[in-house]
Amino acid sequence: MKDCFNSLVSTHLKLLSEYVNKMKIIDTIEAFRALNINASLGFVPTMGALHSAHLTLIKRSVEENELTAVSIFVNPTQFNDPRDLDVYPKPLEEDIRKCKNAGADYVFIPEIEMMYFYDEVLVETPKGLGDILEGACRPGHFNGVLRVVLKLLNIVKPKKLYLGQKDAQQLAIISKMVKDFFIDVEVVPCELIREESGLAMSSRNVLLSSDERLKALLLSKALFSARSLVGAGEDNLDAIKKNMVNILSGTSKIEYVEILARDFSTIEKVEIGNTIILVAAMVGKTRLIDNILL
Ligand code: AMP
């Protein structure tokens with residue numbers, strides 16, 4: 001039954017590949033390797049449910065490289081909450097069209113069974129950076145992220161890796177893995193993209209009801225309010241956090257509000273040019289994160 005389903009998906013993808021003509025849809029590791037790409041390749045790993053922020057990353061890669069590959073893989077090993085994985089949106093056909101329109105050359109859509117083996121060698125997040133914030137709230141999450149990104153880098157072999165500042169801690173941890181493991185790729189950090197309302201773009205935003213969307217705005221509101229306070233001369237971390245917590249009390253649950261140096265070490269007070277403020281909160285059943293650099 002499962003084989004039958006996989007072969008149907010594969011045929012479907014190939015038909016779509018013809019439909020979108022030039023852009024190639026690759027659904028096996030062997031097929032990606034067989035491309036034998038010699039040109040400079042930019043790579044944008046995603047979990048699909050693509051929105052304008054993803055497309056900004058893809059377009060940037062298209063501008064800066066001869067060829068661009070996007071991966072769409074809802075990576076099960078980085079979901080610590082099975083419900084989160086279940087409800088994660090998966091609009092594959094729409095995503096493929098968006099990649100094509102953004103100018104991607106290859107979309108890599110592997111299946112879970114191809115990517116993982118029984119009893120694997122694992123990479124582990126470093127204690128300091130891996131155990132705080134997202135690492136503390138989502139045990140195992142970053143180990144899953146590193147595991148899949150290392151695999152994807154070894155398959156795709158890009159020159160440049162495009163990652164968003166929206167997932168600031170993920171960006172820092174992947175950059176550290178690239179450095180620590182001497183991986184031959186340049187990490188390109190891409191700025192956080194917001195909707196006009198201020199809401200940080202996220203694949204999870206489609207899960208919000210209209211009422212929840214309004215509550216979700218409290219995350220950016222709290223961050224912008226912190227920026228205004230700092231602009232007015234406030235540099236005391238507790239005072240800024242207290243103000244943010246007040247604003248965020250309208251969400252369902254605050255998971256963290258933290259003010260750190262941009263390398264995620266602690267600071268005594270706000271240092272303009274070297275500060276990041278991060279928040280995570282639940283809005284209904286949806287978990288949202290956001291951050292701002294000061
Ligand atoms: P995801 O599909 O959520 O795994 O995201 C794929 C890439 O897009 C990651 O590098 C994210 O950090 C990046 N990304 C997602 N949302 C945004 C955003 N609002 N602004 C900038 N980058 C983003």
Side-chain angles (χ1 to χ4, degrees), residues 42-62 64 68-81 84-85 87-92 94-96 98-99 102 104 107-110 112 115 133-134 138 141-153 156 158 160-178 185-208 213 216-217 219-220 223-224 262 264 276 278-280 283 286-293:
F43 177 42
V44 185
T46 81
M47 295 208 299
L50 303 180
H51 46 68
S52 305
H54 290 120
L55 303 184
T56 307
L57 268 66
I58 298 171
K59 285 176 188 160
R60 178 157 176 201
S61 171
V62 169
E64 296 178 356
T68 289
V70 179
S71 64
I72 299 176
F73 182 64
V74 185
N75 174 36
T77 63
Q78 72 187 71
F79 283 83
N80 54 311
D81 173 3
D84 192 22
L85 175 58
V87 301
Y88 202 85
K90 302 165 188 87
L92 189 55
E94 220 179 291
D95 283 345
I96 290 171
K98 286 179 180 171
C99 289
V107 184
F108 179 48
I109 313 175
I112 294 169
M115 291 294 282
L133 307 166
E134 290 300 288
R138 304 182 67 189
H141 166 67
F142 284 129
N143 286 344
V145 170
L146 291 184
R147 199 169 161 191
V148 78
V149 171
L150 185 54
K151 284 170 187 267
L152 288 169
L153 288 175
V156 175
K160 292 187 181 184
L161 171 66
Y162 291 80
L163 298 173
Q165 176 65 28
K166 156 89 178 351
D167 300 281
Q169 194 179 3
Q170 168 177 287
L171 170 61
I173 290 177
I174 294 175
S175 300
K176 185 157 167 53
M177 175 176 76
V178 164
V185 69
E186 179 190 337
V187 176
V188 182
C190 301
E191 68 168 337
L192 190 155
I193 314 275
R194 300 179 181 283
E195 292 180 1
E196 244 175 66
S197 63
L199 181 65
M201 288 188 186
S202 162
S203 300
R204 290 187 172 85
N205 291 350
V206 298
L207 303 172
L208 300 167
R213 260 186 171 265
L217 289 179
L219 277 81
S220 52
L223 290 166
F224 297 158
R262 289 189 184 187
F264 290 84
I276 182 166
L278 309 105
V279 292
V283 174
T286 307
R287 187 172 184 280
L288 299 173
I289 59 170
D290 199 349
N291 70 80
I292 199 169
L293 296 170

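Just so it is clear, the structure is predicted and the values come from calculations on it, not from any experiment. We count ligands from 1, going down the list as the structure has it; atoms in each ligand are counted the same way.
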Handout entry: K176 NZ: over 12 foreign heavy atoms closer than 6.0 Å
Key =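 For K176, atom NZ is not crowded (no more than 12 foreign heavy atoms under 6.0 Å).
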Problem - Residue contacts for ligand 1, heavy atom to ligand atom, distance under 4.0 Å - result: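 Near ligand 1, by chain and number: P45, T46, M47, H51, A53, H54, L57, Y88, L163, G164, K166, D167, E191, L192, I193, M201.
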Can you name the closest pair of heavy atoms from [X] and [Y] and give their distance?
{"X": "V185", "Y": "V178", "result": "O-CG1, 3.6 Å"}
{"X": "Y162", "Y": "L57", "result": "O-CD2, 3.8 Å"}
{"X": "I289", "Y": "A280", "result": "CG2-CB, 3.8 Å"}
{"X": "F43", "Y": "P158", "result": "CB-CB, 3.4 Å"}

Problem - Option from H141, Q169, R287 for which side chain to side chain donor-acceptor pair (under 3.5 Å) with E134 holds - result: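 That would be R287.
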